[in-house]
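Take a look at the structure set out below.
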Amino acid sequence: MLDRKFIIQNAEIVRDNCTRRGVTCEIDRIIELDAERLTKLQLAEDLNRQANETSQQIPKSKDDAARKALIDKGRDLRHQKDAAQNAHDQLEGEIAELISAIPNLTHPDVPTGGEEDAVEISLGKTPIPNFDFEPRNHVELGEQHDLFDFEAGARVSGAGFYYLKNAAVRLDLALQQFAISFLAGQGFTPISTPDLALTPILQGIGFTPRGPETQIYSVENTDLNLVGTAEITLGGMLAGQTITDAELPMRLCGLSHCFRTEAGAAGRATKGLYRVHQFTKVEMFAFTKPDQSDAEHIRMRDLECEIFDALEVPYRVIDTATGDLGGPAYRKFDLEAWMPGRGDEGQWGEVTSTSNCTDYQARRLNVRFKTTGKKGTQFAHTLNGTAVATGRAMIAILENHQQSDGRIAVPKVLQPWVGCDMIG
RNA sequence: GGAUGGGUGGCAGAGUGGUCGAAUGCACCAGUCUUGAAAACUGGCGUACGUUUGCGCGUACCGUGGGUUCGAAUCCCACCCCAUCCGCCA
């Protein structure tokens, strides 16, 4: 969320930002309610001060009559205070709800518009393959090499679940190993994270569990939810904590399963691994000081490029347009890999996404840092980025590396873990 | 899951109804002393919100949420977490 004071003092900026993102917000209502809230706050504090003063006189009073009068006065003041406080709390709740609907500010370079307005920034080192045969999609390749079992997945867990088999398992593990080894060498602390998290943590990151259109699976009769990404558990690690500036930037890479209901995606359902209810992902996450986050964001994007260059997958880098940014994101880059088997003649498909969330998540999660020698604290900035989502990375590798006979070349960096240079 | 003991400022640790935002020690910062350092001494040292041009003042916060009371770190209830023991278990 944004800072309440900032919203009130910069109403025009916030309003314009919402317009640019195609989001409606009620800034005037917030300003109105907050003015009311302030008068209630001041009233409650003043009544409480009077009540405190009255209470302090009671032990000093000599006779019972004076004492009783003071007790009555104190009781009356507390009741008045409670009323003012309740009014304040209710307003605060209303305001918080309105504020949480306001998205983050937007980086000035972000293109305005929707999905089709994203700007292509660059291409990866690997060229789009020129097949002299009809390329197969990953589902067909999987059948040929006995890599997946979607039927058993559906039988056991329902549509959208799958089994990996044989080389696909090795490939899946190899991608995890490669990503974590690579990032550990880049200053990221490897973390294996919980796959369930408490509702307030999800909300702090910006997810809305248990809503009608939620992407999140929740566990009945508990406050737990299956995580949609390790971003949730990595960001949550410091929830409510105040750290020192010397600890920033703090770079983490988390390994987790990711669970998504894909509610509302029925029409977009595709065959195979592209859109599934469970997958495995290595996620980068960073807490930084405010003046570090832009550079850190570029770095995350470039690390994603290095990873997919190493995987020998053709891709393009996209600067996502305003309408396509999530609420917490200040700016978002996506890597879209070329998937020759997607659509009729191949399509770009999203394989990574990195967002700079500035202090939007940190404010809601209450992640702060203290600068040595300075009074007070500041909210940290948070950033996240996909290193490898193994399912989608596998699609890109299988489809781009297929040979005319259907065999699949294993990228060099994965060969030590896959145990061969060719599948099939 | 059961039993017991705990959760207080950066850390350790007092505090069982009123003047306690909280003793004391350590750590930290500034100063005195010293050629310098150490020691010693003196002073300072939480966060958030509100208010003020400013010094400052006010309110809240002693695991979390409720309750009792004029008044709660202190009493009551629920929950969470930690430690130890028992049970169970990959």
Which residue, A:Leu70 or A:Lys375, contacts RNA chain B at a nucleotide closer to its 5' end, judged by nearest heavy atom?
A:Lys375
What range of RNA chain B does chain A touch, first nucleotide to last, counting atoms under 4.0 Å from its heavy atoms?
B:G18 to B:G71
Can you confirm whether or not the ring centre of A:Phe333 sits under 6.0 Å from the ring centre of A:His297?
yes
For A:Leu41 and for A:Ile58, locate the closest nucleotide of RNA chain B by heavy-atom distance; then report the residue assigned to the nucleotide nearer the 5' terminus.
A:Leu41
Mind checking the CG-CG spacing from A:Asn225 to A:Asp195? Nearest 0.5 Å is all I need.
12.5 Å
Complementary nucleotide of B:A78, counting Watson-Crick and G-U pairs under 3.5 Å:
B:U64
Any strand, both distances under 3.5 Å, Watson-Crick or G-U wobble: B:A12 pairs with B:U24
Kindly say whether the aromatic ring centers of A:Phe161 and A:Tyr163 come within a distance under 6.0 Å.
no
Checking all strands, does A:Lys370 fall into the base, sugar-phosphate, or nothing category for heavy-atom contacts under 4.0 angstrom?
sugar-phosphate
Taking the same atom, P, in B:C41 and in B:A78, what whole-Å distance lies between them?
49 Å
Using a 4.0 Å heavy-atom cut-off across all strands, classify A:Asn52 as base, sugar-phosphate, or nothing.
sugar-phosphate
Please give the nucleotide sitting opposite B:C57 as a Watson-Crick or G-U wobble pair, both distances under 3.5 Å, or none.
B:G50
Plane angle bin for A:Phe150 and A:Tyr162 - parallel if under 30°, tilted between 30 and 60°, otherwise perpendicular:
tilted
Compute both the distance and the angle, then confirm whether A:Arg342 meets the cation-pi test with A:Tyr274: under 6.0 Å from the six-membered ring centre, within 45 degrees of the axis.
yes
Is any side-chain heavy atom of A:Leu252 closer than 4.5 Å to a side-chain heavy atom of A:Phe287?
yes
Heavy atoms within less than 4.0 Å of RNA chain B: which residues of residues 238-247 of chain A have one? Give them sorted by number.
none
B:A30 versus B:C45 - spacing of their C1' atoms, nearest Å
10 Å
For A:Gln56, which contact category applies under a 4.0 Å heavy-atom criterion: base, sugar-phosphate, or nothing?
nothing
May I ask you to decide if A:Ala409's main-chain N or O and A:His401's side chain share a donor-acceptor pair within less than 3.5 Å?
yes
So what does A:Leu38 touch, heavy atoms closer than 4.0 Å: a base, only the sugar-phosphate, or nothing?
sugar-phosphate
Quiz question: by atom type and distance under 3.5 Å, do the side chains of A:Thr229 and A:Lys281 form a donor-acceptor pair?
yes
Heavy atoms under 4.0 Å, any strand shown: does A:Lys68 hit a base, just sugar-phosphate, or nothing?
nothing
Could you check which nucleotide pairs with B:C41 in any of the strands shown, counting Watson-Crick or G-U wobble with both distances under 3.5 Å?
B:G31
Distance check, rounded to the nearest 0.5 Å: A:Leu98 atom CG versus A:Glu32 atom CD?
10.5 Å
Complementary nucleotide of B:G1, counting Watson-Crick and G-U pairs under 3.5 Å
B:C86
Complementary nucleotide of B:G71, counting Watson-Crick and G-U pairs under 3.5 Å:
none
Beyond-backbone contact of A:Gln402 with A:Arg407, side-chain heavy atoms, under 4.5 angstrom
no
